[in-house]
There are 2 protein chains.
Amino acid sequence: MSIPGRNINPTISVDCVIFGFSTNQLKVLLIERSFTDRSGIESKDYKLPGDFISINEDLDLAASRTLEEMTGLRDIFLCQFAVFGKPDRISNPVDMEWLLETTGLEIQRVVTAAYYSLINIGETNTDFAIKNSASWIDVKQIPKLAFDHADIIEQGLIRLQLSLRSEPIGFEMLPEKFTIRDLQILYEAILDCTLDNRNFRKKILKSSYLVQLDEKQTGVAHKPAHYYRFDRYIYEKHKKESLGFNF
Amino acid sequence: MSIPGRNINPTISVDCVIFGFSTNQLKVLLIERSFTDRSGIESKDYKLPGDFISINEDLDLAASRTLEEMTGLRDIFLCQFAVFGKPDRISNPVDMEWLLETTGLEIQRVVTAAYYSLINIGETNTDFAIKNSASWIDVKQIPKLAFDHADIIEQGLIRLQLSLRSEPIGFEMLPEKFTIRDLQILYEAILDCTLDNRNFRKKILKSSYLVQLDEKQTGVAHKPAHYYRFDRYIYEKHKKESLGFNF
DNA sequence: TTAGTTAGCGTATTTTTGACGTTAACTTTG
DNA sequence: CAAAGTTAACGTCAAAAATACGCTAACTAA
């Protein structure tokens, strides 16, 4: 049995895979990272928004905090989906150097709890993200990332796809009012497939928590669609009935 | 942003929810814990098998190690399903005292990665488990547990139920040869429901990885059933076809 | 010999899925 | 202003899956 001691514990962090949706693409919020490589050249790559936790901070709250700092949003869908704890997660010299520079500490090892969250990009409003040059990147065009953050995003996306099939979470990424088509395009982007619009409509409209509004689209070059909204109250009430879709 | 330092990091552990199956019940391996309560009386409760990780130990490997120490078994189905990181996980005086006694260290906080694993109880064979007075407890009769281990088991069971519907993992808990009825009783125990034997048979036998053996039951007071075995090779080959059942 | 048990096959009904046809209602373009 | 292009929103049909349940076979125990 190994003997634990405070001076031999890995550091713990949280990393957030923050998904958003715009211009018909599923996007992830990434932060630019500047570093000097071995040849002394200033270089850039990206990392996930994340932070170390403090000694008395709850993991879930640390994730909420990170999320709020990055997006200015609170009370957001947030789900812990995995821990990444390989001892060599941080073995790249660039990563080690960067950690030393930004924290001022020699960190041997970091175990990170990974969360994913879904937000409506339109509502995002924060200085923090701008200051840290955060940007929304299409999940299909992920650039080179720090640490094992590419793995984390991949696992997060897999988990998001799974959850989408059993829980109505897509709404978190849409504005209050949306059309069935908006929803379908979102599902297609997340599941990375195409869906038949007639069948999609049939299935999704069985959900009692989708409420049709009186309002319709205007100014579109086709028959205007009804707007709908997601009724969280009805969903909570009928949770047991709604056990997902098999697209 | 909080500042990480090695002397302010929580300790990291792994805890294993080890499921097994015997006498038609789903069971969990629990370890007896002796402690002295506030009134000075020697008392007992149970905890999950788990251990602290050492500074260079991979989380998954730490879980495998714990599992092997407890059961003597290697190469076992093992799945990380959550991290438990509330700062007050260890706030009960009994738990704090016990930690101090067994480790000799003042541990402020422990973040634990939870794994579940499925084993065939019959093959278990180890001194370690006996020495640590481990026992198989019916999941429906869980006694008072240390720390937040009751939560961990509950989450583990939920995850097991989910996985069972999409992956052929029940076999891990059965002997090499088993009948369709054995399998059904196992499914019923895990999912906590009853299934129609005719429909269960129809569904499960669609799986190509279930191979009928020539051998039949003997000495049973009814028509003897064929034995089957799970063919892991066939399963791996057809993984994509078999996308689960909806019982 | 009979009663009790589970194995293992089958049938019939309903539900869900998936593919696709069609009209309605709007804008844009020639 | 007519025609073309687009998506909305409804519906049909056949295949597949889920569900409920009947029945005979093959064994043991009493």
Side-chain angles (χ1 to χ4, degrees), chain A residues 23-24 161 164-166 168 170 174-175 177-189 191-208 210-229 238 240-247, chain B residues 23-24 161 164-166 168 170 174-175 177-189 191-208 210-229 238 240-247:
Chain A
T23 59
N24 292 356
Q161 291 171 336
L164 189 68
R165 289 173 192 273
S166 55
L174 292 176
K177 298 181 305 184
F178 51 84
T179 65
I180 300 298
R181 166 152 283 249
D182 292 337
L183 197 56
Q184 183 185 334
I185 291 172
L186 173 66
Y187 271 69
E188 290 179 335
L191 300 176
D192 193 24
C193 66
T194 59
L195 301 170
D196 181 275
N197 64 342
R198 294 153 294 190
N199 294 334
F200 178 80
R201 173 180 298 273
K202 246 185 297 187
K203 278 194 186 182
I204 207 93
L205 283 181
K206 280 185 192 162
S207 325
S208 52
L210 260 186
V211 180
Q212 195 184 73
L213 305 176
D214 289 334
E215 205 178 341
K216 285 186 183 183
Q217 284 179 315
T218 53
V220 287
H222 54 77
K223 179 174 177 179
H226 274 280
Y227 282 115
Y228 286 79
R229 68 179 178 83
H238 301 120
K240 294 205 170 148
E241 303 163 25
S242 57
L243 268 165
F245 309 102
N246 302 307
F247 292 115
Chain B
T23 59
N24 292 356
Q161 291 171 337
L164 188 69
R165 289 172 191 274
S166 56
L174 292 176
K177 299 181 305 186
F178 52 84
T179 66
I180 300 299
R181 167 153 283 249
D182 292 337
L183 198 55
Q184 184 185 334
I185 292 172
L186 173 66
Y187 271 68
E188 289 180 334
L191 299 177
D192 193 25
C193 65
T194 59
L195 301 170
D196 182 274
N197 65 341
R198 294 153 293 190
N199 293 335
F200 178 80
R201 174 180 298 275
K202 245 184 297 185
K203 277 193 186 183
I204 208 90
L205 283 179
K206 280 186 192 161
S207 324
S208 52
L210 259 185
V211 180
Q212 194 184 74
L213 304 176
D214 289 333
E215 206 179 340
K216 285 186 184 182
Q217 284 179 316
T218 52
V220 287
H222 55 76
K223 178 174 177 179
H226 274 280
Y227 281 115
Y228 286 78
R229 68 179 179 82
H238 300 120
K240 294 203 172 151
E241 302 164 24
S242 57
L243 268 166
F245 309 103
N246 301 309
F247 293 115

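Predicted, not measured: the structure shown is a model, and the values here were computed from it.
- Which of D/dA9, C/dA7, C/dC26 sits closest to the side chain of A/H226 comes down to D/dA9.
- If you measure from atom CD1 of A/I185 to atom C1' of D/dT6, you get 13 Å, rounded to the nearest angstrom.
- Remark: C1' of C/dT6 and CZ of B/F200 are 15 Å apart, rounded to the nearest angstrom.
- For D/dT7, the base has no donor-acceptor partner in the side chain of A/K216 [N/O atoms by modelled type, under 3.5 angstrom].
- At a cut-off of 3.5 angstrom, the base of C/dA19 holds at least one donor-acceptor pair with the side chain of A/N199.
- Under the side chain to side chain contact (heavy atoms under 4.5 Å, CB included) test applied with B/F178, the options B/I185, B/L186, B/L210 reduce to a single match, B/L210.
- The interatomic distance linking B/R165 (CZ) with D/dA18 (P) rounds to 12 Å, in whole Å.
- Contact annotation: B/R181 side-chain N/O to C/dA7 OP1/OP2 distance is under 4.0 Å.
- One interatomic measurement links the two molecules: CG of A/L205 to P of D/dG11, which rounds to 12 Å at whole-angstrom precision.
- Atom-to-atom, CD1 of A/I204 to P of C/dT17 comes out at 12 Å; the value is rounded to the nearest Å.
- Residues A/K223 and B/D196 each lie close to DNA chain C; by heavy-atom proximity, the contact nearer the 5' end of the strand is made by B/D196.
- Judged by distance alone, with hydrogens and angles left aside, A/R198 brings no side-chain donor or acceptor close enough to the base of D/dG11 to form a pair under 3.5 Å.
- In the set C/dA7, D/dG5, D/dA29, the nucleotide with an atom closest to the side chain of B/R201 is C/dA7.
- Of the possible donor and acceptor atoms, none in the side chain of B/Q184 sits under 3.5 Å from a partner among the backbone N and O of B/R201.
- In this structure, the side chains of B/Y228 and B/L205 come closer than 4.5 Å at one or more pairs of heavy atoms.
- Each of A/K202 and A/V220 was assigned the nucleotide of DNA chain C with the nearest heavy atom; the assignment lying further toward the 5' end belongs to A/K202.
- Within the 4.5 Å cutoff, the side chain of A/T179 has heavy atoms near those of the A/Y227 side chain.
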